[in-house]
Amino acid sequence: MVSQAERDLRLAKLKDLIQKEGLSGAIVLGSGSFGPKENGHYRFFVDNRVYYFIQAFFMDREGEHVVICGSATHQEVLRTRNFRDIRLAGDRIPQVLGEVLTQKNISGTVGICEDQIPASWYQLLAEEFPRIRFRDISRQLYDLRREGDGERPRLAAEAARLAETGYDALCRCLEESRSLPVLRGEMEYAMKVRGAEEVLTLFSVPGAAGRKPLSGDAVLSGAGALCVTAAPRVDGYWAPVCRTVFLTPADPDAWALHRIAGQALAAGAEKLISGGMLREAAVQMGRSLQQSGCRENSSYGKVCGVDLYEAAVSKDTEERLRSGMTVFLKVETGFDTGSPGLCWGQTYLVTPQGGRLLWEGDERLREVMPNA
Amino acid sequence: MREQEMEKAVRMKAFGELMRSKALDAVIAVGNGCVGTNAYGCFRYLTDIRVNYHIYAAVFFGSRAPVGILPDETAAAEAKEGFLEELLVSSAPVQEIIRLLREEKLDKGRVGTFLDIMPWSWYRELRQAFPEIEIVDIAEDVFLIRNHHSEGEVEKLLHCGRIADAGYRAVLDTVRPGMTEQQLAAQIEHATQRMGAEENFTLVSVGRFSLVDNRLLPIRAGTMLNKTICAGDSIAMEITPRYQGYWTQLVRTVSVGGENADLKKMHGVVASVIQQTLPQLRPGNRIGNIAKQIRALTEERGYRFSLPCGHICGLDLNEERLTEDNDRLLEPGMTVILHPSIVPPGIGNGIFWGETYLITEDGCRCLMESDQDMKTVIH
């Protein structure tokens, strides 16, 4: 979990925001979903992992706050975060949220995240509290998250380290197995046993016509390469890595694509300068790919933090970079020759000098042949 | 006909009838990555698409093929494995939905959706675009048709039961003092993933169970308190894998390093309550009767009845709770997780024990093969 000082700081910022915006309070919801960025708000302010249904947090203008959770388990955990007013609600979270608004005699304007609150919850609250005006404050909450987060570099670096550990485990396992469930199991185990609270793993086979995602019980057969994106989460913070592992000897095109991908990532990382614009990284990476004779990508990764998808790294993203932000840069490269393409990516920390790798992993192209 | 195509045909027929009976001109199915109430299983049922991130949508019409709307190319490529043939990628899904409805000239009529999932911003934009369209919630209606599991679905549930067994075996094989709750959860998920679990909802708790000075707190995700196992501790677990969309749950408590007499005593109570409740798991009986029976048996033994005592599972983990006021009738093919909360006097919670049962034509059968014995692990 994040430190108490950091948590207090975040809550103080939220109180300031409520007062600055002239709000009577703010409602922040959390669920087990991730992406887009709204799903990180609750984790940021409450620092509790929601894995079931939805939890709610309400702060009033004076900074008094209530957390509404479904079970005694969460109540116990929230106590360790020094929350005092924790309401147990089972599946009646919106109803208890209404009770809190009534008890506190809330009127005026209350901030919500319109892209997150379920329509049924909004209808319930709007009907019950006709005198309250609900206003979307998602962007403002996200801005608070971007302002500088004392825990993000440390925890995201730990997640990046685990991502590398998972990738190593995958490569070892590929010597023995081509079964997707086994590969996924081994890779995620390596990360979870070392502290990853959850992992999103995506497998695909790179091909001339783009990547073909693999899911379910598939067994790799005849694939020349496997592309994996592994995104572990540590104390809320995500840090993905993307690699392409060759399952047959990599041909000269593959080595060339690996070099090109590395150059494009380096070019993008140079632009991850605090104060700069995120789109600059995308522009630079596209230019690098073009100069190498490869097609540009539509997206080059994403900002990730307490949500996995906070903003896309693309040429039309209006996002100013700040020190301490973490950005997953990724490229998909390929030639028009019909040979398989290559995907490669990793997570960087934004600094005044440019992007710094969160974890110095092994960036060599790996060829993993099955054991005899 | 492939199994998936048969399943799709059955579902679309039932769903088509639902749309007609509710006079729906279109349905906007939305899905996200949450686990919880029965709305969350509806998108998977209608599309056979697993939602990894963001919100996925699919628009169903009476007159044309449904259209899926995915957040990126990766999601769209994965979605090709599902039921939908037409898939779009959009970062503005609600605008895409509005465009599709306009294409079909649906400026009035009734549109169904899942209001517990659809974000308010989507709903508001739809209302603004189509002030004469009535948007109605149909999560309960879709739940009613998907609550009858087909043979194919039952096969998946049975396999998921075996996966849960494997998770439990992994615990018995590997648990030892010094491990943390998260490491224990990792062992469970390692075993279940290797057998094909697409995700896990693993909850654990470590601490010595005692009828006097109980240290075994309610179960939670491994990293939340991340206690370390000591000799003499009890370990409570909800082993909950998901296989091809379907959840099952095996709930077990074990002792580490030595037998725990209090745990053994409570296990006897819980196991006997479950055994005597099983006759209630039969077609035609009301779900509420299960909970009433558990209460009666619990109180008869001098303990306090508490919730949760179980839930219906399927494409969502907690489709509906087993509560005394639940009047829904049990039918063959439904799956019920029984895990009574039996609280001894003077302490806050009891032990954790239970499993998943399939309602059959003449009663029920357990989806797991793990035995009912209380285990003491000494490594």
Side-chain angles (χ1 to χ4, degrees), chain A residues 31-36 38 48-49 51-54 71-74 76-77 80 90-91 112-123 134 136 179 181-182 184-186 188-189 191-198 200 202 204 210-213 215-217 229 234-235 298-299 308-309 312, chain B residues 32-37 50-55 71-74 77-78 80-81 91 113 115-124 135 137 182-183 185-187 189-198 201 203 205 217-226 244 307-308 317-318 321 348-349:
Chain A
S31 77
S33 280
F34 43 87
E38 289 77 17
N48 185 36
R49 180 181 167 202
Y51 45 80
Y52 175 79
F53 198 40
I54 297 174
S71 72
T73 306
H74 285 281
E76 188 70 26
V77 172
T80 68
D91 296 335
I112 57 167
C113 298
E114 292 188 340
D115 283 344
Q116 195 191 25
I117 187 168
S120 58
W121 290 38
Y122 184 94
Q123 288 173 327
F134 295 98
D136 186 54
S179 154
V182 171
R184 189 188 300 271
E186 291 302 316
E188 293 198 8
Y189 173 74
M191 294 182 265
K192 289 174 186 168
V193 81
R194 291 170 176 82
E197 64 187 33
E198 60 185 309
L200 176 71
L202 299 171
S204 57
R211 287 182 295 126
K212 179 178 182 294
S215 57
D217 295 344
T229 300
V234 172
D235 281 338
S298 56
S299 167
L308 182 52
Y309 296 83
Chain B
N32 62 19
C34 282
V35 177
T37 62
R50 179 183 173 197
V51 181
N52 281 320
Y53 42 76
H54 289 268
I55 297 175
D72 60 28
E73 296 290 348
T74 302
E78 272 197 28
K80 284 179 186 164
E81 302 292 316
S91 57
T113 191
L115 291 176
D116 283 347
I117 299 179
M118 177 179 276
W120 166 249
S121 58
W122 289 32
Y123 181 91
R124 193 197 53 217
I135 301 175
D137 186 70
Q182 173 60 13
Q183 288 169 341
Q187 294 290 352
E189 296 183 5
H190 181 225
T192 60
Q193 281 192 308
R194 286 180 67 100
M195 285 184 66
E198 65 183 34
F201 185 90
L203 303 181
S205 177
L217 297 173
I219 46 182
R220 63 234 164 215
T223 50
M224 290 173 81
L225 295 177
N226 209 14
Q244 294 189 6
L307 293 174
L317 176 56
N318 188 359
R321 292 195 186 278
N349 57 273

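Residue numbering restarts at 1 for every chain, and letters A, B, ... go by the order of the sequence lines.
Proximity of A/Phe53 to B/Asn318: side-chain heavy atoms (C-beta onward) are nowhere separated by under 4.5 Å. By the 4.5 Å heavy-atom criterion applied to side chains, B/Tyr123 and A/Gln123 are counted as neighbours. Proximity of A/His74 to B/Arg220: side-chain heavy atoms (C-beta onward) are nowhere separated by under 4.5 Å. With a 4.5 Å cut-off on side-chain heavy atoms, B/His54 and A/Pro36 count as touching.
Of the atoms belonging to B/Glu73, not a single heavy atom falls under 4.5 Å from chain A. Residue contact with chain B, scored on non-hydrogen atoms closer than 4.5 Å, involves the side chain of A/Tyr122 exclusively. Contact of B/Glu78 with chain A is made through backbone and side chain together, with heavy-atom distances under 4.5 Å. At a 4.5 Å heavy-atom cutoff, A/Leu308 makes no contact with chain B through either its backbone or its side chain. A/Ala312 does not touch chain B: none of its heavy atoms, backbone or side chain, sits under 4.5 Å away. Using a 4.5 Å cut-off between heavy atoms, B/Leu317 makes no contact with chain A at all. Interface remark: A/Ile117 contributes backbone and side-chain atoms alike to the contact with chain B (heavy atom separation under 4.5 Å). At a 4.5 Å heavy-atom cutoff, A/Asp136 makes no contact with chain B through either its backbone or its side chain.
Panel note: side chain A/Gln116, backbone B/Pro119; no donor-acceptor pair is recorded below 3.5 Å. The backbone N or O of A/Tyr189 sits nowhere less than 3.5 Å from a side-chain atom of B/Glu189 that would complete a donor-acceptor pair.
Here A/Thr73 contributes atom OG1 and B/Asn349 contributes atom CG; the two are 8.5 Å apart, rounded to the nearest 0.5 Å.
The aromatic rings of A/Tyr309 and B/Tyr53 sit tilted, their planes meeting at an angle between 30° and 60°.
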Practice task
Under the side chain to side chain contact (heavy atoms under 4.5 Å, CB included) rule, what do B/Thr223 and A/Lys192 come out as? Steps first, then yes or no, please.
Solution key: CA-CA 9 Å; B/Thr223 50; A/Lys192 289 174 186 168; over 6 Å; no
Exercise for the section: Would you please test A/Glu186 and B/His190 for side chain to side chain contact (heavy atoms under 4.5 Å, CB included) and show each step? Expected result: CA-CA 7 Å; A/Glu186 291 302 316; B/His190 181 225; 2.5 Å; yes
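Shortest non-hydrogen contact noted between B/Leu225 and A/Glu76 is CD1-CG, 4.2 Å.
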